[in-house]
Amino acid sequence: MTDHHLYGTSIHTAGALARLVGDRLGLVFTERESACRGIYHLADSPEKRIELQPDPIPGDDGDDDLYAPERPAAQVLLPTTTLAPDSTLQARLRSVEGLHHLSHAGGF
């Protein structure tokens with residue numbers, strides 16, 4: 001069963017958070033571009049997937065939409081997906097200053 005968490009911040013840019021989280025977790029984030037999501041950063045392994053993306057995403061009408069409209073204060077989002085609950089990963093992410101846990105789905 002997969003475990004999903006969503007974190008957000010209003011004090012870090014996606015690039016700065018990619019460096020900060022990458023250093024803390026020993027991961028390398030690669031920058032990607034998507035027509036529907038804009039520019040985002042991805043660290044992917046067989047056990048986990050961690051993304052960083054700006055909350056505003058390109059809208060069809062030329063205006064930006066919010067990926068998480070219920071969390072307008074979070075300018076950068078960090079969704080995680082792991083195969084099973086990973087308390088070490090969650091503790092390390094919760095220790096990043098300015099990064100707040102927003103939601104959880106899945107797990108045992």
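This is a predicted model, so every value here is computed, not measured. In what follows, every heavy atom counts, from backbone to side chain, and hydrogens, waters and symmetry copies are set aside.
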Inter-residue atom distance Arg24.CZ - Leu99.CG, 0.5 Å rounding: 9.5 Å

With no hydrogens and no angle check, is any side-chain donor or acceptor of Arg49 less than 3.5 Å from a backbone partner on Ser45? no

Hey, are the side chains of Val96 and Leu20 touching, using non-hydrogen atoms and a 4.5 Å cut-off? yes

Can you tell me how far the CD atom of Gln53 sits from the CG atom of Leu42, to the nearest 0.5 Å? 11.0 Å

Under 4.5 Å between any side-chain heavy atoms of Leu89 and Leu25, yes or no? yes

Pairwise side-chain contact, Glu51 with His41, heavy-atom cut-off 4.5 Å (strictly under): no

State the CD-OG1 distance between Glu47 and Thr81, to the nearest 0.5 angstrom. 13.5 Å

Under the salt bridge (Lys or Arg N to Asp or Glu O under 4.0 Å) rule, what pairs show up with a residue in residues 88-100, not counting sequence neighbours? none

Are Leu17 and Ile39 joined in one hydrophobic group, where the rule is that I, L, V, M, F, W and Y side chains link up if heavy atoms are under 4.5 Å apart? no

Could you give the distance from OH (Tyr7) to CG (Leu102), rounded to the nearest 0.5 Å? 9.5 Å

Quick check: do Gln90 and Thr80 have side-chain heavy atoms less than 4.5 Å from each other? yes

Linking I/L/V/M/F/W/Y whenever their side-chain heavy atoms sit closer than 4.5 Å, directly or via other members, would Leu27 and Tyr40 fall into one cluster? no

Minimal non-hydrogen separation, Asp3 against Asp86, with atom names: OD2-N, 4.4 Å

Return the CG to CD1 distance between Leu93 and Ile50, rounded to the nearest 0.5 Å. 6.0 Å

Would you say the side chains of His104 and His4 form a donor-acceptor pair under 3.5 Å? no

